[in-house]
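Worksheet: the structure to be examined is printed underneath.
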Amino acid sequence: MLAAIWLILGNALPAFAAEAPLSPPQPALVRVVFDPDTSSINKTAREELVAFAEDFQRRSGRLELRAYAGPPHDTSSNARRLALKRALSVRRVLVSNGVKAERIHVRALGGTSDNGPQDRVDVKLFGG
């Protein structure tokens, strides 16, 4: 609304209204950080996922993989495609270590909406 008023009056928006600072990332059960432009999981992250999968298969509930790629708010097809590849890489490790595929929900979000790592997959409880 404010933007429309400023445009009608022929003025530009003040600089402070341009962009709000990004919020901190929400906690995750496991956070896998990737190198830029890759979907390969490094050895340390793989070991962490294996340990998590072995523990989680004995618990109830479902997981949500929230995958990010690219700069904040980038929802381009390239960013979402890379995010999906990353989520599927994480899912593959979890499934191959005992977590049933039906218990995993994948969300490829593209660019982040917080100030956490831009290239990551957050493993969370589904709905949490």
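All of these numbers come straight from a predicted model, not from anything done at the bench.
For the atom pair CG (Asn97) and CG (Asp55), the distance works out to 12.5 Å, reported to the nearest 0.5 Å. Rounding to the nearest 0.5 Å places CD1 of Ile41 at 5.5 Å from CG of Leu49. Considering CZ of Arg46 and OG of Ser89, their distance stands at 8.0 Å, rounded to 0.5 Å. We find the OG1-CG distance between Thr112 and Asp74 to be 9.5 Å, quoted to the nearest 0.5 Å. The line from CZ of Arg107 to CZ of Arg80 is 9.0 Å long, rounded to the nearest 0.5 Å. Rounding to the nearest 0.5 Å places NE2 of His73 at 9.0 Å from CG of Asp114.
A distance-only check finds a donor-acceptor pair linking the side chain of Lys124 to the backbone of Pro27 [under 3.5 Å].
The two atoms that bring Leu22 and Ser113 nearest to each other are CD2-O, 4.0 Å, heavy atoms only. When all heavy atoms are compared, the tightest approach of Ala83 to Gly110 is CB-N, 3.8 Å.
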Report task. Assess whether side chain to side chain donor-acceptor pair (under 3.5 Å) is satisfied between Asn78 and Ser76, documenting all intermediate values. Result -> CA-CA 5 Å; Asn78 287 339; Ser76 68; 5.4 Å; no
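Connection of Val123 to Val93 is established within a shared hydrophobic cluster, with ILVMFWY side chains joined at heavy-atom distances below 4.5 Å, either directly or through further cluster members.
The side-chain contact (heavy atoms from CB on, under 4.5 Å) test with Leu63 singles out one residue from Val30, Val106, Leu94, and that residue is Leu94.
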